[in-house]
Amino acid sequence: QRHANAVTTSLKRTVRDAIEILGNEVLAVTGGKYPTGKRKGVWIESQDLTIECLRYMYRLLFLFYAEANPRLGIIPLNDEVYRKGYSLEALRGLETRKLRTQEEKEGSFLWDSLQRLLGLMYEGLDRTQIGGEQMFSLPRVRVSLLDPDSTPILSNVKLRNEAMQR
């Protein structure tokens, strides 16, 4: 019981810290203003940003859960292309890598990779052949959690590697 409570408390703190880092990074790259839409150029409402950051954390938790449970059949973990190029495990190797140059810190590879993976999950991917290589397939997971329209701020920004590593 004590161990379970400690894990729960630690997870809450970690998620809260991650939401804060994500939100602060959005404010830094947008100058605190909505990047697109009817409200472009208007100051971002803290409630809108908080909800989107929380939704993004749930997306990541969903990805971790889906990759940890291959029986769900959502993620093709037995496919080498997916495992080495798209999986969270592949990104985890980059998460621990020290960013040395300003270009690496300011780049958005981690964000772009996560956005690509989330987009593929939402839209689905049929097994196709690209450049002579057989690609994996992903079932379409059409849930509001993964819908890019449910995070209009986050879907229209590029967050920096330095913040994504944290």
Side-chain angles (χ1 to χ4, degrees), residues 3-4 6-26 29 51-166:
H3 181 68
V7 168
T8 301
T9 301
S10 175
L11 183 59
K12 282 180 192 177
R13 189 177 326 112
T14 302
V15 169
R16 186 178 56 240
D17 291 347
I19 289 169
E20 186 176 323
I21 290 167
L22 193 59
N24 285 334
E25 177 64 5
V26 169
V29 300
I51 289 169
E52 287 195 30
C53 291
L54 181 59
R55 181 169 278 139
Y56 201 81
M57 289 295 99
Y58 277 118
R59 285 178 184 171
L60 293 179
L61 290 172
F62 175 77
L63 283 174
F64 281 117
Y65 184 78
E67 284 195 3
N69 294 286
R71 294 177 310 214
L72 295 174
I74 296 173
I75 304 290
L77 287 174
N78 57 350
D79 187 283
E80 188 176 350
V81 173
Y82 176 82
R83 234 182 21 262
K84 289 185 176 180
Y86 291 87
S87 72
L88 290 175
E89 192 62 39
L91 288 177
R92 188 172 290 143
L94 296 174
E95 179 265 333
T96 58
R97 184 174 171 262
K98 183 172 173 61
L99 300 173
R100 290 184 172 86
T101 67
Q102 199 61 27
E103 184 179 347
E104 288 176 346
K105 292 175 184 178
E106 298 290 323
S108 61
F109 181 80
L110 292 171
W111 176 256
D112 294 340
S113 298
L114 285 170
Q115 291 298 88
R116 177 74 175 137
L117 177 54
L118 291 166
L120 285 174
M121 288 188 71
Y122 184 70
E123 294 296 330
L125 179 67
D126 291 330
R127 186 176 290 274
T128 58
Q129 199 165 12
I130 298 175
E133 288 199 34
Q134 191 77 11
M135 291 291 290
F136 58 89
S137 62
L138 281 171
R140 191 179 215 184
V141 183
R142 284 290 177 126
V143 295
S144 62
L145 178 65
L146 298 177
D147 185 352
D149 290 341
S150 68
T151 53
I153 300 169
L154 291 173
S155 295
N156 290 291
V157 295
K158 285 190 175 281
L159 303 185
R160 297 172 291 194
N161 291 330
E162 189 171 37
M164 293 306 294
Q165 270 193 339
R166 285 185 282 144

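Listed here is the closest heavy atom pair of Gln165 and Leu110: CG-CD1, 3.8 Å. For the pair Gly73 and Pro139, the tightest heavy-atom approach, listed with the atom from each and the gap, is O-CG, 3.8 Å. Between Val29 and Leu159, the shortest heavy-atom contact is CG2-CD2, 3.8 Å. Across every non-hydrogen atom of Glu52 and Ile153, the tightest pair is OE1-N, 2.9 Å. Taking both residues in full, the closest heavy atoms of Pro76 and Ser137 are given as CG-O, 3.7 Å, listed atom of the first, atom of the second, then distance. Across every non-hydrogen atom of Leu138 and Ile74, the tightest pair is CD2-O, 3.3 Å.
At distances below 3.5 Å, at least one donor-acceptor pair connects side-chain atoms of Glu25 with backbone N or O atoms of Arg160. Not a single donor-acceptor pair under 3.5 Å links the side chain of Asn69 to the backbone N or O of Leu72. Judged by distance alone, with hydrogens and angles left aside, the side-chain atoms of Glu104 form a donor-acceptor pair with the main-chain N or O of Arg100 at under 3.5 Å. At distances below 3.5 Å, not a single donor-acceptor pair connects side-chain atoms of Trp111 with backbone N or O atoms of Ala163.
Scored by the ring-ring contact (aromatic ring centres under 6.0 Å, His included) test, Tyr86 finds Phe136 as partners (sequence neighbours excluded). Listed by chain and residue number, Lys84 satisfy the salt bridge (charged side-chain N to carboxylate O under 4.0 Å, His left out) test with Glu80 (two or more places apart in sequence, or in another chain). Listed by chain and number, the residues in a side chain to side chain donor-acceptor pair (under 3.5 Å) with Arg83 amount to none (sequence neighbours excluded). The side chain to side chain donor-acceptor pair (under 3.5 Å) check on Ser108 picks up Asp112, with sequence neighbours excluded. In this view, Arg166 satisfies the salt bridge (charged side-chain N to carboxylate O under 4.0 Å, His left out) rule with no residue, not counting sequence neighbours. With sequence neighbours left out, Arg55 forms a salt bridge (charged side-chain N to carboxylate O under 4.0 Å, His left out) with no residue at all.
Residues Cys53 and Glu20 fail the side-chain proximity criterion, which asks for heavy atoms closer than 4.5 Å.
To the nearest 0.5 Å, atom CD of residue Gln115 and atom OH of residue Tyr56 are 4.0 Å apart. Atom CG of Leu63 and atom CG of Leu118 lie 5.0 Å apart (nearest 0.5 Å). Put simply, CG on Asp17 and CE on Met57 are 11.0 Å apart, with the number rounded to the nearest 0.5 Å. A distance of 11.5 Å separates CG of Leu114 from CG of Leu154, quoted to the nearest 0.5 Å. Here Thr151 contributes atom OG1 and Leu145 contributes atom CG; the two are 9.5 Å apart, rounded to the nearest 0.5 Å. Note that CZ of Arg140 is 11.5 Å distant from CG of Leu125, once rounded to the nearest 0.5 Å.
For Arg142, the CZ atom is densely surrounded, since the number of other residues' heavy atoms within 6.0 Å is greater than 12.
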>> Under the criterion side-chain contact (heavy atoms from CB on, under 4.5 Å), I'd like the reasoning laid out for Leu146 against Phe62: C-alpha separation, chi angles, the key distance, then a yes or no.
In response: CA-CA 9 Å; Leu146 298 177; Phe62 175 77; 4.1 Å; yes
>> Working note: Arg59 + Tyr122, criterion side-chain contact (heavy atoms from CB on, under 4.5 Å); need CA distance, chi angles, decisive distance, verdict.
In response: CA-CA 11 Å; Arg59 285 178 184 171; Tyr122 184 70; over 6 Å; no
>> side-chain contact (heavy atoms from CB on, under 4.5 Å), that's the test. Do Val15 and Tyr58 meet it? Break it down for me.
In response: CA-CA 9 Å; Val15 169; Tyr58 277 118; over 6 Å; no
